[in-house]
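Heads up: the structure comes next, in structure tokens.
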There are 2 protein chains.
Amino acid sequence: MLTVMNPQPGLRERKKQRTRETIASAAQELFAERGYHATTLPDIAEAADVSTRTIFAYFPSKEDILFAKFSVMKEALAQALAERPEGKDALETVREFILASHETEKSELDMRVHRIVESDETLRNHLRARLAQLEELIAAAIAEDLDAPEKDLRPQVVAASLIAAFNVMSERGGDAKPHSGDEVTALIDPVMTFLRGGLDALKEPSTTRRS
Amino acid sequence: MLTVMNPQPGLRERKKQRTRETIASAAQELFAERGYHATTLPDIAEAADVSTRTIFAYFPSKEDILFAKFSVMKEALAQALAERPEGKDALETVREFILASHETEKSELDMRVHRIVESDETLRNHLRARLAQLEELIAAAIAEDLDAPEKDLRPQVVAASLIAAFNVMSERGGDAKPHSGDEVTALIDPVMTFLRGGLDALKEPSTTRRS
DNA sequence: TCGCAAACTTGCACGCGATGCAGAGAGGCT
DNA sequence: AGCCTCTCTGCATCGCGTGCAAGTTTGCGA
């Protein structure tokens, strides 16, 4: 059988990864064509040439097929936050992470997924839930920056606001966008200003303004 | 038959409302006892003494049984925002709305629902989705305050942040909550300071229609 | 009072997503 | 080759949700 040599991962492992990719792209193709809800798991199974049951060996649910790359992004962000140098705070790290993401990940496929998600209420909510997972990540990093005690809610609030703002940007700002770098900057920077302004306002408890 | 006179709504309508209430409370009882996911619709149907099919005549989905009162809250907020006097801006209106809610809605049942929701990841996400519905409401009101053009993302961002902060408060701030009024104030006011501080930081245009 | 029409309830059948299980199949190792 | 393990697959089953078409109740006017 002339088995080719295995570079690093097991030969078996690579096949799995390839199948995973086949399922994901076949599914996303169908989602784009006929809509998410109109695409059934048997449809995907047929298109990917596997059995329906097998799909669940690769993805825990139908939505996870659509959001497959999200977990990758999450880990990348976690790493970026963990490795950030002394001088850079969490907010700046996130800002740069977003800018970098929009430069590299502008693949056709990502935009297609984006359109699919934005076109459906249910999926937008699922995205929200996924983004919420990033909150604790960011909140923890901000808490470090601030030397905040466990009970301090400020990091949570700032992180939640950042995610919320990012979500708004994604929904309203990116309808059908190639997103040049400058455009993204123009969207993000006001958000950062907003967050830092809010944070500053919380540092001086003297400003207890009432209406 | 000496039919009693009907106060205002049709006699029929009142019965419907009563059935609705029966289903909701029976369901929430079961949710609290054995958990949300462990409770099936047939379980609820039996407890409420209706057929499974009938439940769907009253609630579009299982989650809607749990979040039944949410839509009421949403409309109340919409009204509060619509009727707010000249001097009071949207943020202050929301603040007072929250304070008022926590005074009146401290019923045992609400707290039980709160615990059910907070104890389950899926339900927390559903709550997020519901809260997101309030965003556009609040964003529209803030946009009025600011005389902001359609394209301006600031109202969206501020509203999203407010909702996000409220959600954080709800999750971390209210583990087991009788919530005296002062406690709630102590939680909300920093959030308001944060939002106003952020908003101020974004103001370089002269449109300073202040509250 | 009676009877009809509308509204409400229910059962039935079905589709879809998801899970457990067990047998068939292929891959990898000695 | 022989064996062991991991993967794939079909089958059965459950739970949520929906359409449909009967059955039952309610309201209302003749």
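Letters go in sequence order (proteins before strands), and every chain restarts at 1.
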Please check this pair: side chain of B:D64 against backbone of B:F59, looking for a donor-acceptor N/O pair closer than 3.5 Å.
no
Measure from the side-chain heavy atoms of A:S51 and tell me the nearest of C:dA18, D:dG10, D:dT7.
D:dG10
Rounded to whole Å, please give me the gap between CD in B:E46 and P in C:dG11.
12 Å
Interatomic distance, B:I23 CD1 vs C:dT10 C1' [rounded to whole Å]
13 Å
As a test of reading the structure: which of C:dC16, D:dG15, C:dT10 is closest to the side chain of B:T40, going by heavy atoms?
D:dG15
How are the rings of A:F194 and B:F194 set relative to one another: parallel (under 30°), tilted (30 to 60°) or perpendicular (over 60°)?
perpendicular
Is there a side-chain contact between A:R34 and A:D43 in this structure, where contact means two heavy atoms from C-beta onward sitting under 4.5 Å apart?
yes
Of B:T52 and A:H37, whose nearest nucleotide on DNA chain C comes first from the 5' end?
B:T52
Against the side chain of A:Y58, the closest entry in D:dT7, C:dC8, C:dC16 is D:dT7
Report yes if a side-chain nitrogen or oxygen of B:T54 is closer than 4.0 Å to either non-bridging phosphate oxygen (OP1 or OP2) of C:dT10; otherwise report no.
yes
Candidate nucleotides D:dT7, C:dT9, D:dT18, ranked by approach to the side chain of B:F56 - the nearest:
D:dT18
Quick note, B:R53 side chain, CB onward, closest among D:dC16, C:dT19, C:dG11 is C:dG11
What is the distance, rounded to the nearest whole Å, between atom CZ of B:F59 and atom P of D:dG17?
13 Å
In this structure, how many angstroms lie between the C1' atom of C:dG17 and the CD atom of A:E63, rounded?
9 Å
Tell me: CZ of A:F31 to P of C:dG17, nearest whole Å?
9 Å
Think B:K62 has a side-chain N or O under 4.0 angstrom from the OP1 or OP2 of D:dG17?
no
Check whether NZ of the Lys or CZ of the Arg A:K62 lies under 6.0 Å from the centre of the six-membered ring of A:Y36 and within 45 degrees of that ring's axis.
yes
Take atom CZ of A:R20 and atom C1' of D:dC8, then tell me their distance rounded to the nearest Å.
17 Å
Look at all strands and tell whether B:S61 reaches a base, only sugar-phosphate, or nothing, counting heavy atoms closer than 4.0 Å.
sugar-phosphate
Is there a donor-acceptor contact under 3.5 Å from the side chain of B:R154 to the main chain of B:L199?
no
Can you tell me the distance, in whole Å, between the CG atom of B:D43 and the P atom of D:dC14?
13 Å
note: A:R14, atom CZ; D:dC6, atom C1'; distance rounded to Å ~ 17 Å
